[in-house]
Number of protein chains: 2
Amino acid sequence: MSAELSVTENEAKYLKLIYRGQCEESTKVRTTAVAKSLGVRPATVTEVIQNLSEKNLLWHRRYHGVELTKEGIAEAQKLLRKHRILEILFTDLLKYNAQRACNEASKLDYRASRSLINAICKAYGHPEICPCKKVIFSDPKCKKK
Amino acid sequence: MSAELSVTENEAKYLKLIYRGQCEESTKVRTTAVAKSLGVRPATVTEVIQNLSEKNLLWHRRYHGVELTKEGIAEAQKLLRKHRILEILFTDLLKYNAQRACNEASKLDYRASRSLINAICKAYGHPEICPCKKVIFSDPKCKKK
DNA sequence: TGTATATTTTAGGGGTTCCCTAAATTTAAA
DNA sequence: TTTAAATTTAGGGAACCCCTAAAATATACA
(Lines give C-alpha, C1' and ligand atoms only; values in the text may rest on other atoms or scores of the structure.)
Protein backbone atom coordinates (compact mmCIF):
# COMPACT_ATOMS: atom_id res chain seq x y z
CA MET A 1 0.00 0.00 0.00
CA SER A 2 2.07 2.92 -1.24
CA ALA A 3 0.19 5.86 0.27
CA GLU A 4 0.49 7.19 -3.25
CA LEU A 5 0.53 10.95 -3.20
CA SER A 6 -1.29 12.51 -6.05
CA VAL A 7 0.47 14.45 -8.75
CA THR A 8 -0.86 17.81 -9.88
CA GLU A 9 -1.31 18.61 -13.53
CA ASN A 10 1.70 20.87 -13.41
CA GLU A 11 3.84 18.23 -11.77
CA ALA A 12 2.68 15.80 -14.44
CA LYS A 13 4.10 18.15 -17.04
CA TYR A 14 7.47 18.00 -15.31
CA LEU A 15 7.33 14.24 -15.07
CA LYS A 16 6.63 13.79 -18.76
CA LEU A 17 9.41 16.16 -19.68
CA ILE A 18 11.92 14.56 -17.37
CA TYR A 19 10.99 11.09 -18.52
CA ARG A 20 11.48 12.00 -22.15
CA GLY A 21 14.85 13.48 -21.38
CA GLN A 22 16.11 10.81 -19.07
CA CYS A 23 14.63 7.66 -20.56
CA GLU A 24 14.05 8.43 -24.20
CA GLU A 25 16.88 10.75 -25.03
CA SER A 26 19.37 9.76 -22.37
CA THR A 27 20.26 13.34 -21.71
CA LYS A 28 21.09 14.66 -18.30
CA VAL A 29 18.06 16.62 -17.16
CA ARG A 30 19.18 20.07 -16.05
CA THR A 31 17.25 22.63 -14.06
CA THR A 32 17.90 25.41 -16.51
CA ALA A 33 16.87 23.33 -19.49
CA VAL A 34 13.60 22.39 -17.84
CA ALA A 35 13.04 26.02 -16.90
CA LYS A 36 13.55 27.18 -20.47
CA SER A 37 11.40 24.41 -21.80
CA LEU A 38 8.50 25.30 -19.53
CA GLY A 39 8.95 29.04 -19.55
CA VAL A 40 9.61 29.45 -15.83
CA ARG A 41 12.57 30.44 -13.68
CA PRO A 42 15.12 27.93 -12.48
CA ALA A 43 14.13 28.53 -8.86
CA THR A 44 10.63 27.43 -9.71
CA VAL A 45 11.91 24.23 -11.24
CA THR A 46 13.94 23.48 -8.15
CA GLU A 47 10.84 23.92 -6.03
CA VAL A 48 8.68 21.60 -8.09
CA ILE A 49 11.48 19.06 -8.20
CA GLN A 50 11.63 19.13 -4.43
CA ASN A 51 7.92 18.41 -4.25
CA LEU A 52 8.26 15.50 -6.67
CA SER A 53 11.15 14.27 -4.62
CA GLU A 54 9.04 14.33 -1.45
CA LYS A 55 6.49 12.24 -3.29
CA ASN A 56 9.23 9.73 -4.05
CA LEU A 57 8.88 10.18 -7.77
CA LEU A 58 12.45 11.25 -8.32
CA TRP A 59 15.78 11.45 -6.74
CA HIS A 60 17.45 14.76 -6.42
CA ARG A 61 21.13 15.24 -5.74
CA ARG A 62 21.69 18.91 -5.03
CA TYR A 63 23.49 20.73 -7.84
CA HIS A 64 23.50 17.57 -9.87
CA GLY A 65 20.61 16.31 -11.89
CA VAL A 66 17.48 14.42 -11.06
CA GLU A 67 16.68 10.80 -11.69
CA LEU A 68 13.21 9.33 -11.75
CA THR A 69 12.56 6.58 -9.25
CA LYS A 70 10.73 3.39 -10.13
CA GLU A 71 7.51 5.06 -9.04
CA GLY A 72 8.35 8.15 -11.04
CA ILE A 73 8.99 6.13 -14.15
CA ALA A 74 5.74 4.22 -13.67
CA GLU A 75 3.82 7.44 -13.22
CA ALA A 76 5.43 9.05 -16.26
CA GLN A 77 4.68 6.00 -18.37
CA LYS A 78 1.04 6.08 -17.30
CA LEU A 79 0.85 9.69 -18.33
CA LEU A 80 2.66 9.13 -21.60
CA ARG A 81 0.46 6.16 -22.42
CA LYS A 82 -2.55 8.43 -22.12
CA HIS A 83 -0.84 11.11 -24.12
CA ARG A 84 0.08 8.79 -26.93
CA ILE A 85 -3.23 7.01 -27.14
CA LEU A 86 -4.88 10.39 -27.51
CA GLU A 87 -2.40 11.22 -30.26
CA ILE A 88 -3.48 8.07 -32.08
CA LEU A 89 -7.10 9.14 -31.78
CA PHE A 90 -6.41 12.57 -33.19
CA THR A 91 -4.26 11.43 -36.07
CA ASP A 92 -6.53 8.56 -37.03
CA LEU A 93 -9.94 10.09 -36.55
CA LEU A 94 -9.20 13.72 -37.25
CA LYS A 95 -6.23 13.40 -39.58
CA TYR A 96 -4.15 15.66 -37.40
CA ASN A 97 -0.41 15.64 -37.97
CA ALA A 98 1.85 14.44 -35.20
CA GLN A 99 2.69 17.89 -33.96
CA ARG A 100 -0.88 19.06 -33.67
CA ALA A 101 -2.01 15.78 -32.15
CA CYS A 102 0.69 16.17 -29.52
CA ASN A 103 -0.46 19.68 -28.71
CA GLU A 104 -4.05 18.68 -28.18
CA ALA A 105 -3.12 15.54 -26.29
CA SER A 106 -1.04 17.61 -23.90
CA LYS A 107 -4.12 19.52 -22.86
CA LEU A 108 -6.12 16.41 -22.07
CA ASP A 109 -3.88 13.53 -21.13
CA TYR A 110 -3.69 14.27 -17.43
CA ARG A 111 -7.47 14.40 -17.13
CA ALA A 112 -8.31 11.37 -19.22
CA SER A 113 -9.28 8.39 -17.11
CA ARG A 114 -7.49 5.11 -17.41
CA SER A 115 -10.63 3.35 -18.59
CA LEU A 116 -11.29 5.94 -21.27
CA ILE A 117 -7.78 5.54 -22.59
CA ASN A 118 -8.12 1.78 -22.60
CA ALA A 119 -11.39 2.01 -24.50
CA ILE A 120 -9.76 4.20 -27.13
CA CYS A 121 -6.78 1.87 -27.23
CA LYS A 122 -9.06 -1.04 -27.96
CA ALA A 123 -11.01 0.90 -30.59
CA TYR A 124 -7.77 1.54 -32.45
CA GLY A 125 -6.47 -2.00 -32.24
CA HIS A 126 -4.03 -1.61 -29.38
CA PRO A 127 -1.43 0.45 -31.22
CA GLU A 128 2.13 0.14 -30.03
CA ILE A 129 3.71 3.18 -31.60
CA CYS A 130 2.53 6.76 -31.42
CA PRO A 131 2.52 9.17 -34.37
CA CYS A 132 6.02 10.35 -33.52
CA LYS A 133 7.27 6.77 -33.38
CA LYS A 134 7.62 6.48 -29.66
CA VAL A 135 6.48 3.40 -27.83
CA ILE A 136 3.01 3.30 -26.33
CA PHE A 137 3.30 1.61 -22.96
CA SER A 138 0.84 -1.16 -22.37
CA ASP A 139 -1.63 -1.40 -19.53
CA PRO A 140 -2.28 -4.83 -18.05
CA LYS A 141 -5.90 -3.80 -17.58
CA CYS A 142 -6.22 -3.17 -21.30
CA LYS A 143 -7.25 -6.49 -22.73
CA LYS A 144 -6.36 -7.30 -26.29
CA LYS A 145 -9.12 -9.84 -26.73
CA MET B 1 -13.33 44.29 -27.10
CA SER B 2 -14.78 42.70 -23.97
CA ALA B 3 -11.65 42.40 -21.81
CA GLU B 4 -12.95 38.87 -21.35
CA LEU B 5 -11.86 37.54 -18.01
CA SER B 6 -11.03 33.92 -18.08
CA VAL B 7 -13.09 31.31 -16.31
CA THR B 8 -11.42 28.68 -14.15
CA GLU B 9 -12.30 25.03 -14.51
CA ASN B 10 -14.23 25.17 -11.27
CA GLU B 11 -16.15 28.21 -12.34
CA ALA B 12 -16.94 26.45 -15.59
CA LYS B 13 -18.55 23.68 -13.56
CA TYR B 14 -20.81 26.23 -11.91
CA LEU B 15 -21.67 27.82 -15.24
CA LYS B 16 -22.70 24.53 -16.79
CA LEU B 17 -24.81 23.64 -13.79
CA ILE B 18 -26.49 27.01 -13.63
CA TYR B 19 -27.16 27.01 -17.35
CA ARG B 20 -28.81 23.62 -17.21
CA GLY B 21 -30.98 24.73 -14.33
CA GLN B 22 -31.88 28.11 -15.65
CA CYS B 23 -32.13 27.53 -19.37
CA GLU B 24 -32.88 23.89 -19.80
CA GLU B 25 -35.02 23.09 -16.82
CA SER B 26 -36.37 26.54 -16.04
CA THR B 27 -35.84 26.04 -12.36
CA LYS B 28 -34.80 28.81 -10.05
CA VAL B 29 -31.14 28.19 -9.28
CA ARG B 30 -30.66 28.20 -5.53
CA THR B 31 -27.45 28.47 -3.57
CA THR B 32 -28.21 25.45 -1.42
CA ALA B 33 -29.12 23.28 -4.39
CA VAL B 34 -25.88 24.16 -6.15
CA ALA B 35 -23.98 23.47 -2.95
CA LYS B 36 -25.51 20.04 -2.59
CA SER B 37 -25.00 19.27 -6.21
CA LEU B 38 -21.32 20.11 -6.04
CA GLY B 39 -20.66 18.86 -2.54
CA VAL B 40 -19.58 22.16 -1.04
CA ARG B 41 -20.99 24.54 1.54
CA PRO B 42 -23.44 27.27 0.63
CA ALA B 43 -20.95 29.94 1.63
CA THR B 44 -18.57 28.59 -0.97
CA VAL B 45 -21.22 28.81 -3.64
CA THR B 46 -21.94 32.41 -2.74
CA GLU B 47 -18.27 33.20 -3.10
CA VAL B 48 -17.88 31.61 -6.51
CA ILE B 49 -21.08 33.27 -7.64
CA GLN B 50 -19.65 36.62 -6.63
CA ASN B 51 -16.58 35.96 -8.71
CA LEU B 52 -18.68 35.02 -11.71
CA SER B 53 -20.70 38.12 -11.15
CA GLU B 54 -17.58 40.27 -11.20
CA LYS B 55 -16.71 38.68 -14.50
CA ASN B 56 -20.10 39.74 -15.81
CA LEU B 57 -21.20 36.21 -16.44
CA LEU B 58 -24.19 36.36 -14.18
CA TRP B 59 -26.40 38.66 -12.27
CA HIS B 60 -26.74 38.17 -8.59
CA ARG B 61 -29.54 39.68 -6.55
CA ARG B 62 -28.69 39.12 -2.89
CA TYR B 63 -30.86 36.50 -1.22
CA HIS B 64 -32.61 35.85 -4.52
CA GLY B 65 -31.27 33.71 -7.26
CA VAL B 66 -28.77 34.23 -10.02
CA GLU B 67 -29.36 34.79 -13.67
CA LEU B 68 -26.81 34.27 -16.39
CA THR B 69 -26.02 37.32 -18.47
CA LYS B 70 -25.71 37.18 -22.24
CA GLU B 71 -21.99 36.59 -21.81
CA GLY B 72 -22.65 33.91 -19.24
CA ILE B 73 -25.07 32.12 -21.51
CA ALA B 74 -22.61 32.31 -24.38
CA GLU B 75 -19.83 30.95 -22.22
CA ALA B 76 -22.01 28.14 -20.88
CA GLN B 77 -23.10 27.20 -24.38
CA LYS B 78 -19.49 27.07 -25.53
CA LEU B 79 -18.71 24.74 -22.66
CA LEU B 80 -21.76 22.59 -23.20
CA ARG B 81 -21.06 22.34 -26.90
CA LYS B 82 -17.67 20.89 -26.05
CA HIS B 83 -19.18 18.63 -23.47
CA ARG B 84 -21.80 17.25 -25.80
CA ILE B 85 -19.53 16.77 -28.78
CA LEU B 86 -17.27 14.74 -26.53
CA GLU B 87 -20.29 12.71 -25.46
CA ILE B 88 -21.02 11.96 -29.11
CA LEU B 89 -17.45 10.78 -29.56
CA PHE B 90 -17.62 8.46 -26.58
CA THR B 91 -20.99 6.96 -27.40
CA ASP B 92 -20.24 6.53 -31.10
CA LEU B 93 -16.65 5.41 -31.00
CA LEU B 94 -16.53 3.63 -27.67
CA LYS B 95 -20.15 2.56 -27.31
CA TYR B 96 -20.39 4.27 -23.95
CA ASN B 97 -23.87 4.86 -22.56
CA ALA B 98 -25.06 8.42 -22.06
CA GLN B 99 -24.28 8.47 -18.37
CA ARG B 100 -20.75 7.24 -18.72
CA ALA B 101 -20.09 9.47 -21.72
CA CYS B 102 -21.25 12.43 -19.65
CA ASN B 103 -18.90 11.51 -16.82
CA GLU B 104 -15.87 11.31 -19.05
CA ALA B 105 -16.81 14.41 -21.00
CA SER B 106 -17.04 16.34 -17.75
CA LYS B 107 -13.39 15.66 -17.07
CA LEU B 108 -12.23 16.93 -20.43
CA ASP B 109 -14.64 19.48 -21.84
CA TYR B 110 -13.07 22.52 -20.22
CA ARG B 111 -9.65 21.63 -21.59
CA ALA B 112 -10.65 20.69 -25.12
CA SER B 113 -9.81 23.38 -27.62
CA ARG B 114 -12.44 24.83 -29.86
CA SER B 115 -10.70 23.54 -32.96
CA LEU B 116 -10.46 20.03 -31.59
CA ILE B 117 -14.16 20.03 -30.84
CA ASN B 118 -14.96 21.32 -34.30
CA ALA B 119 -12.84 18.61 -35.87
CA ILE B 120 -14.69 15.95 -33.91
CA CYS B 121 -17.99 17.57 -34.77
CA LYS B 122 -17.14 17.35 -38.44
CA ALA B 123 -15.98 13.76 -38.14
CA TYR B 124 -19.35 12.82 -36.70
CA GLY B 125 -21.40 14.70 -39.25
CA HIS B 126 -22.25 17.78 -37.24
CA PRO B 127 -24.64 16.15 -34.81
CA GLU B 128 -27.34 18.35 -33.35
CA ILE B 129 -28.48 16.29 -30.41
CA CYS B 130 -26.35 14.78 -27.66
CA PRO B 131 -26.84 11.28 -26.24
CA CYS B 132 -29.20 12.60 -23.58
CA LYS B 133 -31.26 14.43 -26.19
CA LYS B 134 -30.11 17.92 -25.44
CA VAL B 135 -29.25 20.34 -28.17
CA ILE B 136 -25.67 20.70 -29.32
CA PHE B 137 -25.04 24.37 -29.90
CA SER B 138 -23.46 25.22 -33.20
CA ASP B 139 -20.25 27.08 -33.75
CA PRO B 140 -20.09 29.47 -36.70
CA LYS B 141 -16.45 28.46 -37.15
CA CYS B 142 -17.50 24.85 -37.60
CA LYS B 143 -18.14 24.54 -41.29
CA LYS B 144 -20.63 21.95 -42.51
CA LYS B 145 -19.15 21.70 -45.99
C1' DT C 1 45.60 25.20 -8.89
C1' DG C 2 42.93 29.12 -8.67
C1' DT C 3 39.70 32.06 -9.98
C1' DA C 4 35.96 33.58 -12.88
C1' DT C 5 31.62 32.18 -14.80
C1' DA C 6 27.62 29.53 -15.06
C1' DT C 7 24.33 26.78 -12.71
C1' DT C 8 21.57 25.69 -8.96
C1' DT C 9 19.50 26.28 -4.62
C1' DT C 10 17.74 28.88 -0.56
C1' DA C 11 15.21 32.55 1.56
C1' DG C 12 11.45 35.21 1.59
C1' DG C 13 7.49 36.66 -0.62
C1' DG C 14 3.10 37.19 -3.45
C1' DG C 15 -1.23 35.99 -5.94
C1' DT C 16 -5.00 32.96 -7.14
C1' DT C 17 -8.32 29.62 -6.24
C1' DC C 18 -11.03 26.94 -3.52
C1' DC C 19 -12.79 25.64 0.82
C1' DC C 20 -14.51 26.06 5.72
C1' DT C 21 -16.98 27.64 10.28
C1' DA C 22 -19.57 30.88 12.88
C1' DA C 23 -22.19 34.71 13.04
C1' DA C 24 -25.22 37.94 10.86
C1' DT C 25 -28.95 38.99 7.70
C1' DT C 26 -32.89 38.32 4.95
C1' DT C 27 -36.78 35.72 3.30
C1' DA C 28 -40.70 32.88 3.73
C1' DA C 29 -43.99 30.18 6.19
C1' DA C 30 -46.99 29.16 10.06
C1' DT D 1 -45.33 38.33 14.01
C1' DT D 2 -42.49 35.02 15.31
C1' DT D 3 -39.75 31.27 13.83
C1' DA D 4 -37.39 28.37 10.69
C1' DA D 5 -34.85 28.06 6.51
C1' DA D 6 -31.85 30.03 3.22
C1' DT D 7 -28.22 33.10 2.19
C1' DT D 8 -24.47 36.05 2.85
C1' DT D 9 -20.52 38.19 5.44
C1' DA D 10 -16.40 37.91 8.11
C1' DG D 11 -12.36 35.88 8.91
C1' DG D 12 -9.41 32.26 8.12
C1' DG D 13 -6.63 28.36 6.04
C1' DA D 14 -4.33 25.24 2.66
C1' DA D 15 -2.50 24.01 -1.83
C1' DC D 16 -0.10 25.50 -5.83
C1' DC D 17 2.57 27.96 -8.69
C1' DC D 18 5.52 31.75 -9.58
C1' DC D 19 9.14 35.41 -8.71
C1' DT D 20 13.62 38.12 -7.24
C1' DA D 21 17.87 38.46 -4.79
C1' DA D 22 21.35 36.39 -2.55
C1' DA D 23 24.09 32.41 -1.35
C1' DA D 24 26.22 28.04 -2.50
C1' DT D 25 28.27 24.91 -5.61
C1' DA D 26 30.27 23.21 -9.88
C1' DT D 27 32.97 23.81 -14.04
C1' DA D 28 36.04 25.48 -17.16
C1' DC D 29 40.28 27.68 -18.32
C1' DA D 30 44.37 30.33 -17.53
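Per chain, numbering begins at 1; letters A, B, ... match sequence-line order. All values derive from a computational prediction rather than experimental measurement.
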I want to check one thing: is the phosphate of [N], taken as OP1 and OP2, less than 4.0 Å away from some side-chain N or O of [X]?
X        : N       : answer
Thr32(A) : dA6(C)  : no
Asn10(A) : dC18(D) : yes
His60(A) : dT8(C)  : no
Thr44(B) : dC20(C) : yes

So, does [X] use its side chain to make a donor-acceptor pair with the main chain of [Y] at under 3.5 Å?
X        : Y        : answer
Thr44(B) : Val40(B) : no
Lys95(A) : Asp92(A) : yes
Ser53(A) : Trp59(A) : no
Thr91(B) : Glu87(B) : yes

Residue Arg62(A), side-chain atoms from C-beta onward, closest of dT10(C), dC17(D), dA22(C): dT10(C)
Among dC19(C), dT8(D), dC19(D), the nucleotide that comes nearest once only the side chain of Val40(A) is considered: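 Of dC19(C), dT8(D), dC19(D), dC19(D) is nearest to the side chain of Val40(A).
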Sugar-phosphate only, base, or nothing, as touched by Glu47(B) at under 4.0 Å among non-hydrogen atoms: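 If one applies the 4.0 Å heavy-atom cut-off, Glu47(B) turns out to touch a base.
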Sugar-phosphate, base or nothing in reach of Thr8(B), heavy atoms under 4.0 Å: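 Result for Thr8(B) = sugar-phosphate.
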Within this structure, what is the [atom1]-to-[atom2] distance between [X] and [N], rounded to whole angstrom?
X        : N       : atom1 : atom2 : result
Glu9(B)  : dA15(D) : CD    : P     : 20 Å
Asn51(A) : dC16(D) : CG    : C1'   : 8 Å
Lys13(B) : dT17(C) : NZ    : P     : 15 Å
Ile49(A) : dT10(C) : CD1   : C1'   : 14 Å
Leu38(B) : dC20(C) : CG    : C1'   : 16 Å
Arg61(A) : dT7(C)  : CZ    : P     : 19 Å

Residues Glu24(A), Arg84(A): salt bridge by 4.0 Å N-O rule: yes
Electrostatic pair Glu67(A)-Arg61(A), nearest N-O below 4.0 angstrom: no
Ala33(A) vs Arg41(B), nearer the 5' end of DNA chain C by closest nucleotide: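 Per heavy-atom nearest nucleotide, the more 5' residue is Ala33(A).
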Test log, rule side chain to side chain contact (heavy atoms under 4.5 Å, CB included), inputs Glu104(B) and Ser115(A): CA-CA 10 Å; Glu104(B) 296 293 345; Ser115(A) 65; 3.7 Å; yes
Strictly under 3.5 Å: I want the nitrogen or oxygen pairs between protein and nucleotides 28-30 of chain C, one per line.
none

